[in-house]
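Read the structure below first, then the notes.
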Amino acid sequence: MAARRSAATRAGSAPSTSPTASRSTSGFLDRLVEAGLAYPAFETGEELGEMRAAAQARKETYRYRQREDYDREGAHAEMRRRDASGEPYVLRFRMPDTPVHVTDAVLGEIEFDQQHTDDFVIRKADGFPTYHMAVVIDDELMGVTHILRGQEHLNNTPRHVALQQHLTHEDGTPFRTPVYAHMPLIFNPDGSKMSKRDKDKIVRKAVQSEPEAQARSLAHISQTDLDAWLADKTRQLPPASLLRLAAEFGLELPEIDVEDFRRSGYLPEALCNYLALLGWNPGLKNDDGTDLERFDKPFLCEHFALERIGKSNAKFDREKLLAFNQAAIAALPAEDFAAALHEWCERYDTGLLDALGERFVLAASAAQPRIKTLSQCREPIAFALAAAEEIRFDDKAVAKALHKGEPNGLAVLAEFRESLASIEPFDPEQIEAAVKAFCESREIGMGKLAQPLRVAITGGNVSPGLGETLGLVGRDGVLARIDRCLRDCVPA
RNA sequence: GGCCCCGUCGUCUAGUCAGGUCUAGGACACCAGGUUUUCAUCCUGGUAACACGGGUUCGAAUCCCGUCGGGGUCACCA
């Protein structure tokens, strides 16, 4: 997600993420070499390292440049010799000696002095084109018209533009330069760049800090893979392995990938809305004068425009995302919410489905207004998932709801118990009605009955609506819990 | 360090291009009240920002310069 590269194509074909132009680049390369815009270079990695170190020692920034006395004839002869013998060498692009101008839809006009970008490699010793070469050719061949990517790529753009200005097709047609739009980066709350590697980073650190553990229970990962992953911080473990390792070490991983947010119970519309607002806004007001920031995908499609993308980096605010998600959950029609929750459970918590059985829809309606993410769905109905004997009565709640006041909570409970039998059917609506009727007939406030009931059913003084609370437990369950409460919660 | 980008409440931002209507608006979070059978929701109110210094101007959050701060990037990786 941190690397938001996407591309719009003229032909409507799929954007490329891993350029596959390797086989078809040779013609482009040849024309560049013939024109002297690319040239073979024979330094070894070691030699380059030394040159770099030497520049460093002189406190200069190292840049590879074609030598003043570059012997083209000799170099080409050497190139042909190596081609014949199979010895490796690289091809470099000669950066033009005029500044490169980049027009960015977000940042505006930017001038890059060619002095600061070197003659970069476009074909590696292994014969494959580098990323820079491959994307430019790939995008051109696919008819890409817009390139939206993270600002981290801004410094690559002069290379790409320079390449576009010098590359030609077989028939001599020049390359086009697509519209570039560099988007602000997304940061973690601590200010570090939000990265797909963040999760690996956390787990790697934990594994490294506990050497004994490395040999312990990591059987699901081969030693070779583990060592490689431990040694290379750009390497990522498969998601399943990572999740398992995190669990073994008791680590909480941040949500990074879309799948992470799905697992955590965020609704697609909420994530999409929040993300769209990070670095962009429609610039419109609601009727009450507040900024318009809650919107759906059709709205986004209609109003999104490159011009209103911000330039500065943004921190990813989970609190606000949570608020958006809570609102999105609350806004769903009950049936839709139940369906969404059911789907989530099928994927991540089938145990809850089994435990709830036919009570699922009722549980969903009880949870809907009280949760911020689908993954919190067990919390508000936890009492209904426990057996009557497992309910632990909270001392404070018991004292407040059952022992204090007049009439005494226990007495009200005992009395209400007798009217349970007549509630028919035993559903939220009838339960609520019965509770109301009971209170009116005794001329007591709703709280006088509601709170003792809550304590009896859940052990505490917080629960969903009474109808839902009692309904979830069922008539027999309610009777059992009231009896247990009446027996166990008498004042000392 | 070189180069590039950025700098409005704690966070995301409106306002900046076309200087006055900005004693700087909204959202999230936070605090205080209120509604409600608890919780959640909902309603009302509140705390809180133009990084700093010069300049231009009758007037600057808005234009210019400098400083400071943050970030990105400097590979035969993508």
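Because only heavy atoms are used, hydrogens play no part in the values below, and waters and symmetry mates are left out as well, while side chains stay in. The sequence lines fix the lettering, A, B, ..., with proteins before strands; numbering per chain opens at 1.
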Considering just the side-chain nitrogens and oxygens of A:Lys193, establish if one lies under 4.0 Å of OP1 or OP2 belonging to B:U73.
-> yes
A:Val478 versus A:Phe416: any side-chain heavy-atom pair under 4.5 Å?
-> no
Taking atom C1' in both B:U56 and B:C30, compute the distance separating them and give it to the nearest angstrom.
-> 41 Å
Value in whole Å for how far the P atom of B:G26 lies from CZ of A:Phe295 = 19 Å
Examine B:A78: is either OP1 or OP2 under 4.0 Å from a nitrogen or oxygen in the side chain of A:Arg159? Give yes or no.
-> no
Between B:C5 atom C1' and A:His101 atom NE2, what is the distance in whole Å?
-> 17 Å
Decide salt bridge (Lys or Arg N to Asp or Glu O under 4.0 Å) for A:Glu78 and A:Arg82; before the verdict, give the C-alpha distance in whole Å, the side-chain angles of both, and the deciding distance to 0.1 Å.
-> CA-CA 6 Å; A:Glu78 175 66 6; A:Arg82 294 204 184 196; 2.7 Å; yes
For the side chain of A:Arg370 and the backbone of A:Ala366, is there at least one donor-acceptor N/O pair under 3.5 Å apart?
-> yes
Nearest-neighbour nucleotide for the A:Asn155 side chain, B:C3, B:C76, B:A27 considered | B:C3
Separation of B:G25 P from A:Asp291 CG (nearest whole Å) = 12 Å
Nearest-angstrom distance, P atom, B:C9 to B:C74 | 30 Å
Is A:Asn281 near enough to B:A14 that one of its side-chain N or O atoms lies under 4.0 angstrom from OP1 or OP2?
-> yes
Look at A:Arg454 and B:C39 and indicate whether a side-chain polar atom (N or O) is within less than 4.0 Å of OP1 or OP2.
-> no
Looking at A:Asp118, A:Val100, A:Thr130, which one forms a side chain to side chain contact (heavy atoms under 4.5 Å, CB included) with A:Arg159?
-> A:Asp118
Is the phosphate of B:U41, meaning OP1 or OP2, less than 4.0 Å from a side-chain N or O of A:Gln326?
-> yes
Length of the CE-P vector between A:Met183 and B:C12, whole Å = 16 Å
Distance test, side-chain N/O of A:Arg308 to OP1/OP2 of B:C17, below 4.0 Å = no
Can you find a side chain N or O atom of A:Arg63 that sits less than 4.0 Å from OP1 or OP2 on B:G1?
-> no
Once you round it to whole Å, what is the distance between P of B:A27 and CG of A:Leu322?
-> 18 Å
Could A:Arg149 and A:Tyr180 be counted as a cation-pi pair, given that NZ or CZ must be under 6.0 Å from the ring centre and within 45° of the axis?
-> no
So what does A:Asp317 hit on the nucleic acid, given a heavy-atom distance under 4.0 Å: a base, only sugar-phosphate, or nothing?
-> base
Once you round it to whole Å, what is the distance between P of B:A29 and CZ of A:Arg318?
-> 16 Å
Just checking A:Asp113: base, sugar-phosphate only, or nothing, at a heavy-atom cut-off of under 4.0 Å?
-> nothing
Pick base, sugar-phosphate or nothing for A:Gln151, based on heavy-atom distances below 4.0 Å to the nucleic acid.
-> sugar-phosphate
If you look at every strand shown and take non-hydrogen atoms under 4.0 Å, does A:Gly460 touch a base, only sugar-phosphate, or nothing?
-> nothing
Are any of A:Lys59's side-chain N or O atoms less than 4.0 Å away from OP1 or OP2 of B:G1?
-> no
Could you check whether A:Pro464 gets within reach of a base, just the sugar-phosphate, or nothing at all, counting any heavy atom under 4.0 Å?
-> base
